Each structure stands twice: as structure tokens, then as C-alpha cells.
Amino acid sequence: QVQLAESGGGLVQAGGSLRLSCAASGRTSNAAVMGWFRQGPGKEREFVALIMWSSGNTFYANSVKGRFTISRDNAKNTVYLQMNSLQPEDTAVYYCAATRVLTTDPTNYSDWGQGTQVTVSS
């Protein structure tokens with residue numbers, strides 16, 4: 001099992017930026033792929049971005065492409081989500097998650113953090 005802990009959420013005005021962090025511990029060898037997901041009020045959990053630990057290859061949801069950047073620090077076992085040009089529709093609880101397979105389907109992610117709230121005011 002992989003333990004994940006997110007941090008970095010908060011309140012920001014539209015057009016602002018935030019950087020989320022996700023620290024991984026435990027059986028990190030099981031976490032071939034790290035993903036960020038979000039769940040807004042009254043909405044289903046949706047994919048945001050993913051990164052492969054070994055290669056650093058990334059993939060983004062169309063809604064955040066060009067605004068968000070996912071990265072990782074292998075030495076620190078930490079994944080980041082840099083969020084720029086934030087909009088009110090980005091308001092959600094953001095979760096990081098780990099899986100062994102390359103997928104954007106949240107049901108295929110076995111380990112999840114507790115989530116961090118991001119609120120974007122207009």
C-alpha cells in the first residue's frame with residue numbers, strides 16, 4: 001500500500017496560481033503512475049493529470065492543458081501540480097492517487113490521499 005499526503009490547497013483569486021504537493025510513502029514501488037483528480041461540488045471525481053514515475057511522461061485533461069503542469073521529484077517521492085490561470089470552475093477538492101497501470105480511470109487507482117481544497121474566487 002502507498003500512503004499519500006496532499007498539501008498546498010487554499011483560496012486564490014481567478015487568474016492566480018497554486019502548487020499542490022503529494023508526498024508518497026510506503027510501498028512506492030507499486031506506484032508506477034501518479035495521478036491528480038478533482039471533485040467539485042455536486043460533481044463526479046474527474047481526471048486532471050498523470051505522470052509516470054520512471055519516464056516522467058505526462059498526460060492532461062483537455063480542461064487543464066496549457067494551464068496545469070504535473071512534475072515529480074524522485075528523490076523526495078513527491079509529485080507536484082502547478083496550477084496557473086485558475087478559474088472558478090477549477091474549484092474542487094484535489095486528490096492524488098497511485099496505480100500500477102497507465103490509466104485516467106479513477107476506479108483503477110488503488111491508493112488515494114485525503115484531498116486538499118482549492119477554491120478560486122471570481
Side-chain angles (χ1 to χ4, degrees):
Q1 188 175 6
V2 181
Q3 288 79 47
L4 302 170
E6 303 98 334
S7 60
L11 173 64
V12 64
Q13 289 188 333
S17 298
L18 282 174
R19 189 177 81 155
L20 306 182
S21 299
C22 175
S25 60
R27 299 178 68 90
T28 56
S29 59
N30 290 343
V33 176
M34 295 292 294
W36 282 99
F37 294 81
R38 65 186 182 186
Q39 188 164 14
K43 297 181 180 180
E44 294 187 352
R45 191 167 298 189
E46 66 173 351
F47 168 76
V48 175
L50 66 79
I51 189 166
M52 300 184 70
W53 272 117
S54 57
S55 66
N57 288 346
T58 59
F59 183 73
Y60 297 91
N62 287 336
S63 58
V64 306
K65 199 174 297 183
R67 300 188 299 125
F68 291 11
T69 302
I70 189 171
S71 61
R72 92 275 196 231
D73 184 330
N74 288 18
K76 295 182 178 180
N77 281 343
T78 299
V79 174
Y80 304 97
L81 186 68
Q82 177 67 43
M83 305 185 294
N84 299 329
S85 301
L86 283 162
Q87 299 302 316
E89 52 265 34
D90 294 316
T91 295
V93 177
Y94 282 72
Y95 300 88
C96 67
T99 183
R100 296 188 179 188
V101 298
L102 185 59
T103 179
T104 62
D105 184 349
T107 64
N108 289 325
Y109 283 73
S110 55
D111 299 291
W112 291 81
Q114 80 286 353
T116 185
Q117 177 71 47
V118 171
T119 302
V120 185
S121 63
S122 57

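Bear in mind the structure is a predicted one, so any value in this text is a computation, not a measurement.
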Lys/Arg N to Asp/Glu carboxylate O, R27 vs D111, below 4.0 Å: no
Common cluster, V64/Y95, ILVMFWY with side-chain heavy-atom separation under 4.5 Å: no
Qualifying residues under side-chain contact (heavy atoms from CB on, under 4.5 Å), relative to T99, sequence neighbours excluded: V33, V101, T103, Y109
Shortest non-hydrogen contact from T91 toward P41: O-CD, 4.0 Å
Minimum heavy-atom distance A92-R38, with the two atoms named: CB-CB, 3.7 Å
Check against side chain to side chain contact (heavy atoms under 4.5 Å, CB included), L102 and L50: CA-CA 9 Å; L102 185 59; L50 66 79; 3.6 Å; yes
Over 12 non-hydrogen atoms of neighbours within 6.0 angstrom of NZ in K65: yes
N/O donor-acceptor pair under 3.5 Å between Y60 side chain and I70 backbone: yes
Minimum heavy-atom distance between A31 and V2, given as atom pair plus value: CB-CG2, 4.2 Å
Main-chain N/O of C96 paired to E6 side chain as donor or acceptor, under 3.5 Å: yes
C22 versus M34, closest heavy-atom pair with distance: SG-CE, 3.9 Å
Would you list the atom pairs, donor with acceptor, under 3.5 Å between side chains in residues 7-20 and any protein atom, with sequence neighbours excluded?
residue: S17; atom: OG; partner: N84; partner atom: OD1; Å: 2.9

